[in-house]
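So the structure is just underneath, and the comments pick up after that.
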Amino acid sequence: MADLFWLSNEQWAVIEPFMPRNQPGPERKDDRRIISGILHVITAGCRWCDCPDAYCPSTTVYNRFNRWSRRGFWRAMLAAMAKAGWAGDAAALDSTYVWAHRSAHGGKGGPARKGSASRGGQTTKVHALTDVLGRPGVLLLTPGNASDVTTAPAVLAEAPGRIRRLAADKGYDANWLRADLREAGITPVIPGKRGRKRKIRHDKRRYRKRWRIEATFNRLKDLRRIATRYDKLARNYASTLALAAVIAFWC
């Protein structure tokens with residue numbers, strides 16, 4: 001029991017208000033126990049069938065995760081918490097690659113898997129938008145070969161709070177993106193690429209704070225089912241990310 005993950009009283013106090021109410025069907029088993037089991041699997045990286053019985057039967061734990069993932073519940077929880085607690089008017093945007101295990105292949109739905117082949121093998125890319133404290137409010141999946149800059153508008157469209165300054169690395173250096181940001185009242189804090197004919201000036205002091213989003217990815221990847229994708233369906237991996245972000249940053 002000592003090696004198992006259990007939600008603390010403080011964490012559960014934050015999560016409980018977001019639990020579904022008045023659901024059809026028989027009365028649910030202990031939500032806190034089952035969600036602790038889901039988080040144990042995400043943290044340990046084990047198979048769902050290896051989830052310890054202390055949390056409830058493994059099929060119960062997986063079915064709860066999968067059913068609520070299908071309904072979009074986990075992502076809605078992250079969005080609601082981020083909207084309620086979004087801090088400051090400065091944000092950071094970046095992405096990271098995640099290697100997809102061979103067990104993540106073969107899922108039904110084709111492109112919905114959000115994976116792609118590259119030199120490093122099958123990969124998925126996770127795009128994140130974080131607030132001034134480095135807490136992710138948006139986590140978006142794309143195939144690993146998707147362009148950062150062309151994905152940026154889709155990520156920013158889901159921003160949970162107002163943004164006045166956006167920090168991002170050189171991968172987001174594009175004239176059209178800078179123009180769109182300024183039109184939306186957002187000051188881009190994005191350095192120019194080395195090959196630019198006209199040098200781009202940016203606020204170097206504010207840009208240095210972009211380390212927080214790198215730390216966000218490192219923290220998320222401490223959880224083994226985040227660092228390596230085992231889920232066949234993109235919606236399930238996105239739900240895993242959302243639940244991990246809720247526990248790591250918003251509770």
Side-chain angles (χ1 to χ4, degrees), residues 1-12 14-16 18-20 23 25-78 96-110 112-116 120-126 136 139 141 144 216-251:
M1 296 288 285
D3 294 332
L4 304 184
F5 176 92
W6 294 102
L7 286 166
S8 67
N9 291 335
E10 293 77 13
Q11 289 172 325
W12 183 243
V14 175
I15 292 176
E16 188 176 18
F18 295 90
M19 289 291 102
Q23 295 291 299
E27 184 178 357
R28 295 198 308 264
K29 293 188 177 180
D30 183 11
D31 285 333
R32 182 174 179 178
R33 180 177 292 272
I34 292 178
I35 293 176
S36 293
I38 294 171
L39 288 164
H40 174 85
V41 172
I42 293 173
T43 302
C46 62
R47 300 177 301 173
W48 288 102
C49 63
D50 294 328
C51 182
D53 291 337
Y55 295 115
C56 282
S58 59
T59 53
T60 301
V61 175
Y62 172 73
N63 288 339
R64 177 75 59 85
F65 169 78
N66 187 50
R67 184 168 62 250
W68 285 7
S69 175
R70 188 168 57 246
R71 296 176 184 174
F73 169 72
W74 307 113
R75 286 173 289 168
M77 178 189 285
L78 172 61
T96 187
Y97 288 99
V98 174
W99 179 69
H101 190 269
R102 64 183 179 86
S103 64
H105 303 164
K108 296 180 180 180
R113 288 176 47 248
K114 300 291 187 186
S116 69
Q122 291 285 338
T123 57
T124 291
K125 187 178 283 189
V126 180
L139 292 167
L141 293 184
T216 296
F217 287 133
N218 289 338
R219 176 68 184 91
L220 288 173
K221 288 184 176 182
D222 284 342
L223 284 70
R224 292 188 176 184
R225 286 188 77 97
I226 300 296
T228 300
R229 174 178 167 177
Y230 298 97
D231 299 286
K232 294 184 189 300
L233 297 180
R235 72 153 192 259
N236 281 1
Y237 185 64
S239 295
T240 300
L241 279 166
L243 187 52
V246 164
I247 298 303
F249 295 96
W250 295 99
C251 287

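Along the sequence shown, the residues carry numbers beginning at 1. From a predicted model like this one, the values you see are computed outputs, not experimental measurements.
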### Query
What's the shortest heavy-atom distance between Phe73 and Phe18, and which atoms?
CE1-O, 3.2 Å

### Query
Which residue pairs satisfy the ring pair (Phe, Tyr, Trp, His ring centres under 6.0 Å) criterion with at least one member in residues 44-63, sequence neighbours excluded?
Trp6-Tyr55, His40-Tyr55, Trp48-Tyr62, Trp48-Phe65

### side-chain contact (heavy atoms from CB on, under 4.5 Å) between Trp74 and Ile38, intermediate numbers included
CA-CA 12 Å; Trp74 307 113; Ile38 294 171; 3.9 Å; yes

### Query
Side chains of Thr228 and Val98: closer than 4.5 Å at any heavy-atom pair?
no

### Task
Can you sort out the partners of Tyr237 under ring pair (Phe, Tyr, Trp, His ring centres under 6.0 Å), two or more places apart, ordered by chain and number?
none

### Message
Once rounded to the nearest 0.5 Å, what's the spacing between atom OG1 of Thr123 and atom OH of Tyr97?
### Response
6.5 Å

### Message
Among residues at least two apart in sequence or on other chains, which ones pass salt bridge (Lys or Arg N to Asp or Glu O under 4.0 Å) with Arg75?
### Response
none

### Check: Ser36 side chain, Leu7 main-chain N or O, donor-acceptor pair, under 3.5 Å
yes

### Cys46 backbone acceptor or donor facing Arg225 side chain under 3.5 Å
yes

### Message
Holding to side-chain contact (heavy atoms from CB on, under 4.5 Å), I want the full list of residues that pass it with Asp30, two or more places apart in sequence or in another chain.
### Response
Arg32, Arg33

All N/O donor-acceptor pairs, side-chain side in residues 238-246, below 3.5 Å, sequence neighbours left out:
| unit_1 | atom_1 | unit_2 | atom_2 | d |
| --- | --- | --- | --- | --- |
| Ser239 | OG | Ser69 | OG | 2.8 |
| Ser239 | OG | Arg235 | O | 2.9 |
| Thr240 | OG1 | Asn236 | O | 2.9 |

### Query
Could you give all pairs that pass the salt bridge (Lys or Arg N to Asp or Glu O under 4.0 Å) test and reach residues 53-67, with sequence neighbours left out?
Asp31-Arg64

### Summary
ring pair (Phe, Tyr, Trp, His ring centres under 6.0 Å) filter on Phe249, not counting sequence neighbours, yields none

### Message
For the backbone of Ala227 and the side chain of Trp99, can you confirm whether one donor and one acceptor N or O come within less than 3.5 Å of each other?
### Response
no

### Task
Using a 4.5 Å cut-off on heavy atoms from C-beta on, say whether the side chain of Leu78 contacts that of Trp250.
yes

### Message
Run Ile15 and Ile247 through side-chain contact (heavy atoms from CB on, under 4.5 Å) and show every step you take.
### Response
CA-CA 9 Å; Ile15 292 176; Ile247 298 303; 3.4 Å; yes

### Message
The criterion is side-chain contact (heavy atoms from CB on, under 4.5 Å); which residues satisfy it with Arg47, sequence neighbours excluded?
### Response
Cys49, Asp50

### Task
Please name all residues satisfying ring pair (Phe, Tyr, Trp, His ring centres under 6.0 Å) with Phe217, sequence neighbours left out, ordered by chain then number.
none

### Summary
When every non-hydrogen atom of Pro52 is compared with those of Leu4, the smallest separation belongs to CG-CD2, 3.6 Å

### Task
Mind listing the closest non-hydrogen atom pair of Leu141 and Ala234 along with its distance?
CD1-O, 3.5 Å

### Trp12: ring pair (Phe, Tyr, Trp, His ring centres under 6.0 Å) partners, not counting sequence neighbours
none

## Note on the structure
Output for pair (Asn66 CG, Arg71 CZ), nearest 0.5 Å, gives 11.0 Å

### Query
Atom CD1 of Ile42 and atom CG of Asp231: how far apart are they, to the nearest 0.5 Å?
8.5 Å

